[in-house]
There are 2 protein chains.
Amino acid sequence: MDTRSAILEHAERAARQKGHNGFSFGHIARDVGIRKASMFHHFPTKPDLLVAVFARYSQRFYGWFDGMDQSKANGATRLAAYLAETRATIEDGESICLSIALCVDRDALNEQLIDDVKEFQARNMIWLTEAFARGQVDGSVSGISDPESEAMACLAQVDGAIVMSRLHKDTSYFDRALAQLRLRLS
Amino acid sequence: MDTRSAILEHAERAARQKGHNGFSFGHIARDVGIRKASMFHHFPTKPDLLVAVFARYSQRFYGWFDGMDQSKANGATRLAAYLAETRATIEDGESICLSIALCVDRDALNEQLIDDVKEFQARNMIWLTEAFARGQVDGSVSGISDPESEAMACLAQVDGAIVMSRLHKDTSYFDRALAQLRLRLS
DNA sequence: GTCTATAATTAGATAGAC
DNA sequence: GTCTATCTAATTATAGAC
């Protein structure tokens, strides 16, 4: 792996485990195995690094959305896959979603990064709304009144479930927080 | 107000706006209007300060729980009051719940503080479970199968809603994320 | 209880050699 | 692209005077 990618990889891990203010160029350099000064060749400032890390992170999700959109899966299958994907990214409660970490340290971010996180959340909302709408039409998800309200509630529930799992370093909290929603997927 | 209380007040605000790693003794000293060195007379270390801040924060909630428990309010009224109380504490999306901020910066906390946050979450769960159970019995909350699952989902949903509000600095995100739950309260 | 002064460490960089 | 060396500012403290 090239150095730039190694930096991005370790920086994402660090941000998701310790938050934006919880790691430094020095830490990442040590992880990657280079000197601190060499970091600045790849990323001139910490904001630059963060923007690149989040772009890479969000692109993975956007790619996943696109892949799913091309499948013929029904609403319930899509939502179940979303929950499984989200659960997988937090490992054993060691990490959280990068966008949550950045929300908490919001005051330290530059405007571009805040906009990027907002867009990430908006695209999650759009995808979830579409999945709930599909589940309403095809009958695979029970008890839906308004797909957009469902999407908003679901996104919040997932984010909160991730935070709870992080506190206990235990993914079963994620499962219990989402148990009710899962029961509605046939 | 005495100096110690002023320090606790400003430190809580800072932790909830910038996260555990986002503020220093220097910042708080400036806010309070004393010199940095004077901070250490009141709180020898940053972990000591954080434990005291969280104790004060959680006690306010525990007191609120006790007050509510002595009322004759039905399940729905209790849950609506919980949502209103939570919403009020985040102001205009400028702050988040202290326990969320600490969860994200979990790696920087000492063991006592982690245990304190766990207890806080457990007590929220107990109170919410009781409120949902009440709502199930008195019929004031619709569609309850298992009160404990409901409590877990609700707590996650509230936490996620707070994070979303923080990103946009807009409490309407909180309202929209909780709209469905509110509709179930009669 | 608050202050000045200071120390050790770290963070975010920059300059310039290789 | 990576390194050593260096810089400035901030952070978490400690010592000791008032």
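Side chains are part of it too, since the values below use all heavy atoms of this structure and drop only hydrogens, waters and symmetry mates.
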What's the closest nucleotide to the A:Phe25 side chain, out of D:dT12, C:dG12, C:dT2? C:dG12

Integer-rounded Å distance: C:dT9 C1' and A:Arg30 CZ: 12 Å

Atom pair distance, as rounded to whole Å: CG in A:Asn21 and C1' in D:dA10: 13 Å

Length of the line joining A:Ile34:CD1 and D:dT2:C1', which is rounded to integer Å: 8 Å

Over how many whole Å does the gap from B:Arg35 atom CZ to D:dT12 atom P extend? 17 Å

Taking the six-membered ring for Trp, are B:Tyr82 and B:Trp127 ring centroids under 6.0 Å apart? yes

Could you tell me whether the phosphate oxygens of C:dA11, OP1 or OP2, come under 4.0 Å of any side-chain nitrogen or oxygen in A:His27? yes

For C:dC3, does either OP1 or OP2 sit under 4.0 Å from a side-chain N or O belonging to B:Ser38? yes

Measure CZ/B:Phe40 against C1'/C:dT4 and give the value in whole Å, please. 15 Å

Testing D:dG1, C:dG1, D:dT12 for proximity to the side chain of A:His42, the answer is D:dG1

Please determine if B:Lys46 forms a cation-pi arrangement with B:Phe23, meaning its NZ or CZ atom is less than 6.0 Å from the six-membered ring centre and no more than 45° off the ring axis. yes

Kindly say whether the aromatic ring centers of B:Phe54 and B:Phe120 come within a distance under 6.0 Å. yes

How many Å lie between CZ on B:Arg4 and P on C:dT2, as a whole number? 12 Å

Closest to the side chain of B:Ser24, out of C:dA13, C:dC3, D:dT11, is D:dT11

Should A:His41 be listed as having a side-chain N or O under 4.0 Å from OP1 or OP2 of D:dC3? no

Any side-chain N or O of B:Thr3 under 4.0 Å from OP1/OP2 of C:dT2? yes

Which nucleotide wins on minimum distance to the side chain of A:Ala37, given the candidates C:dG12, D:dT4, D:dT14? D:dT4

Starting at CG of B:Asp48 and ending at P of D:dT12, how long is that distance when rounded to a whole Å? 13 Å

What about B:Lys36, does its side chain sit under 3.5 Å from the base of D:dT12 through a donor-acceptor pair? yes

Donor-acceptor pair, side chain of A:Asn124 and main chain of A:Leu155, under 3.5 angstrom: no

Counting only heavy atoms not in A:Asp92, do more than 12 sit closer than 6.0 Å to its CG atom? no

Rounded to whole Å, please give me the gap between CE in B:Met39 and P in C:dT2. 11 Å

